[in-house]
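Structure first, commentary second.
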Amino acid sequence: MPQLNEAKTAPLRHSEESTLQSYERSLLRSHLSLTRQDRPRRFTLCGLEWDLHPEVFAPIYSPSTSVALSLLGLGQDPVRPRSDTFLEIGSGTGVIAVAAALAGSPRVLATDVSPQAVANTVANAERHQVTDRLRAVHSDLFARIDEAERFDTVFWSSNYVLGPDTYRYKSLHEQAYVDAGYRTHRRFLEQAPGRLAPGGSALLHFSDRGDLPALHRIADDCGRELRTLKSVRVREGEYSEEFVEHMLIEVVAASV
């Protein structure tokens, strides 16, 4: 698992940074990851086996899921015990939500805009016997979550690559890679703090493949502050040898 706060490599030149942030490149990766002939039905991560359904983001082709686990302190041995209630936005295969339940979270809610991802999350909750404390819901962000529900941790490992505001998705799978116009990020920044229990944290997993200045501008518009709690720099994964900085960002109400 990646080590946090690793020494950074030399800064990228502008042309390299533009390539890393290219939404077309991310859409190509979405297509490749979905259609490749060696895409498995099961995979291993953190020493555990997981089901992988068709049409669902595959953690084996990107380091983002293992990085998210590391940033949250999950999936480690020994695991840091958790006593907080946990909401994951965009659960995909359910690895992070299941890991939170295995680590002791007494109530975990996992949501995803993709019905296939919700079914995948349920399958992995059943595989790891945490259905007594993990529930999965088909929801676009918070739309189908009871207004009265509050959580100690709200977490989203986001689709941090910025796409044009005019882009129209060709599949739900593309939404795991690109956020057109950062519309989903805006809604998360606006709504996530309102879903917290007293003393809770709204956490966003972002990276420098995304447009951090644009994210800060949106936060300003929404009356939010962004605080980087942790960061790690890792090789990008299956399709690239380049290094990417991943960040765990806390979203808080801006100080008056």
Side-chain angles (χ1 to χ4, degrees), residues 12-36 39 52-65 67-68 88-93 110-118 120 137-144 154-192 202-222 224 226 236-240 242 244-247 249 251:
L12 294 172
R13 294 188 298 271
H14 177 72
S15 60
E16 293 173 325
E17 184 176 357
S18 297
T19 300
L20 277 171
Q21 294 180 339
S22 165
Y23 81 96
E24 293 99 336
R25 173 174 164 169
S26 292
L27 293 175
L28 175 60
R29 291 179 180 190
S30 169
H31 175 74
L32 292 173
S33 297
L34 198 59
T35 59
R36 53 191 291 167
R39 180 182 165 98
L52 174 61
H53 289 191
E55 308 295 325
V56 178
F57 177 85
I60 54 174
Y61 302 135
S62 166
S64 59
T65 300
V67 169
E88 183 186 12
I89 301 297
S91 61
T93 55
T111 75
D112 204 290
V113 71
S114 163
Q116 293 91 341
V118 174
N120 203 157
V137 174
H138 178 217
S139 179
D140 182 2
L141 289 184
F142 307 97
R144 295 186 180 178
V154 174
F155 174 74
W156 180 32
S157 184
S158 80
N159 50 349
Y160 38 70
V161 174
L162 175 62
D165 189 57
T166 56
Y167 183 74
R168 297 295 176 261
Y169 297 107
K170 297 177 176 63
S171 69
L172 285 173
H173 193 263
E174 287 188 347
Q175 293 190 45
Y177 287 78
V178 170
D179 186 11
Y182 272 177
R183 291 191 294 269
T184 308
H185 282 80
R186 180 178 291 275
R187 289 189 291 131
F188 182 82
L189 297 187
E190 289 173 342
Q191 299 171 24
L203 302 175
L204 176 68
H205 172 201
F206 201 74
S207 95
D208 61 1
R209 286 208 64 215
D211 190 332
L212 193 58
L215 187 70
H216 277 277
R217 289 193 294 271
I218 293 170
D220 289 342
D221 290 346
C222 298
R224 305 294 186 225
L226 305 179
E236 195 173 15
E238 178 81 4
Y239 302 116
S240 174
E242 293 158 321
V244 173
E245 183 178 4
H246 292 256
M247 295 153 269
I249 297 172
V251 181

Run the numbers on Glu55 and Leu172 for side chain to side chain contact (heavy atoms under 4.5 Å, CB included), then give the verdict. CA-CA 8 Å; Glu55 308 295 325; Leu172 285 173; over 6 Å; no
With a 4.5 Å limit on heavy-atom distance, are the side chains of [X] and [Y] in contact?
X: His205; Y: Leu203; answer: no
X: Asn159; Y: His185; answer: yes
X: Trp156; Y: Thr184; answer: yes
X: Tyr160; Y: Leu212; answer: no
X: Asp165; Y: Arg183; answer: yes
X: Leu215; Y: Leu204; answer: yes
X: Leu189; Y: Asp221; answer: no
X: Phe188; Y: Val154; answer: yes

Exercise: identify the closest heavy-atom pair between [X] and [Y]:
X: Glu24; Y: Ser22; result: OE1-OG, 3.1 Å
X: Arg39; Y: Val56; result: NH2-O, 2.6 Å
X: Val137; Y: Val118; result: O-CG2, 3.6 Å
X: Ala219; Y: Leu226; result: CB-CG, 3.8 Å
X: Ser91; Y: Asp112; result: N-OD2, 3.2 Å
X: Glu190; Y: Arg224; result: O-NH2, 2.7 Å

Point-to-point distance, once rounded to the nearest 0.5 Å, from [atom1] of [X] to [atom2] of [Y]:
X: Glu174; Y: Leu28; atom1: CD; atom2: CG; value: 10.5 Å
X: Ile89; Y: Ser158; atom1: CD1; atom2: OG; value: 12.0 Å
X: Thr111; Y: Phe142; atom1: OG1; atom2: CZ; value: 7.5 Å
X: Ser207; Y: Glu236; atom1: OG; atom2: CD; value: 8.0 Å

Salt bridge (Lys or Arg N to Asp or Glu O under 4.0 Å) against Asp220, all qualifying residues, sequence neighbours excluded: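 Once residues adjacent in sequence are excluded, Asp220 has no partner under the salt bridge (Lys or Arg N to Asp or Glu O under 4.0 Å) criterion.
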Val161/Asp179 under side chain to side chain contact (heavy atoms under 4.5 Å, CB included): CA gap, chis, key distance, verdict: CA-CA 6 Å; Val161 174; Asp179 186 11; over 6 Å; no
Will you find, in the side chains of Arg29 and Ser62, an N or O donor that is under 3.5 Å from an N or O acceptor?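 No, because no side-chain N or O of Arg29 sits under 3.5 Å from a partner of the opposite role on Ser62.
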Ring centroids only, cut at 6.0 angstrom: are Tyr169 and His173 within range, meaning strictly under it?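 No, ring centres 6.0 Å or more apart.
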Determine whether a donor-acceptor pair (N or O, by modelled atom type, separation under 3.5 Å) exists between the side chain of Arg36 and the backbone of Leu34.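 No: the side chain of Arg36 does not pair with the backbone of Leu34.
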Mind checking what makes side chain to side chain donor-acceptor pair (under 3.5 Å) contact with His138, not counting sequence neighbours?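 Listed in chain order: Arg144.
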Using side chain to side chain donor-acceptor pair (under 3.5 Å) as the criterion, list what pairs up with Tyr182, not counting sequence neighbours.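 Expected list: none.
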Considering residues, nucleotides and ligands other than His31, do more than 12 of their heavy atoms fall under 6.0 Å from its NE2?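 No, because the 6.0 Å sphere around NE2 of His31 holds 12 heavy atoms or fewer from other groups.
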For Leu32 and Tyr61, run side chain to side chain contact (heavy atoms under 4.5 Å, CB included): C-alpha distance rounded to whole Å, both residues' side-chain angles, the deciding distance at 0.1 Å, then the answer. CA-CA 10 Å; Leu32 292 173; Tyr61 302 135; over 6 Å; no
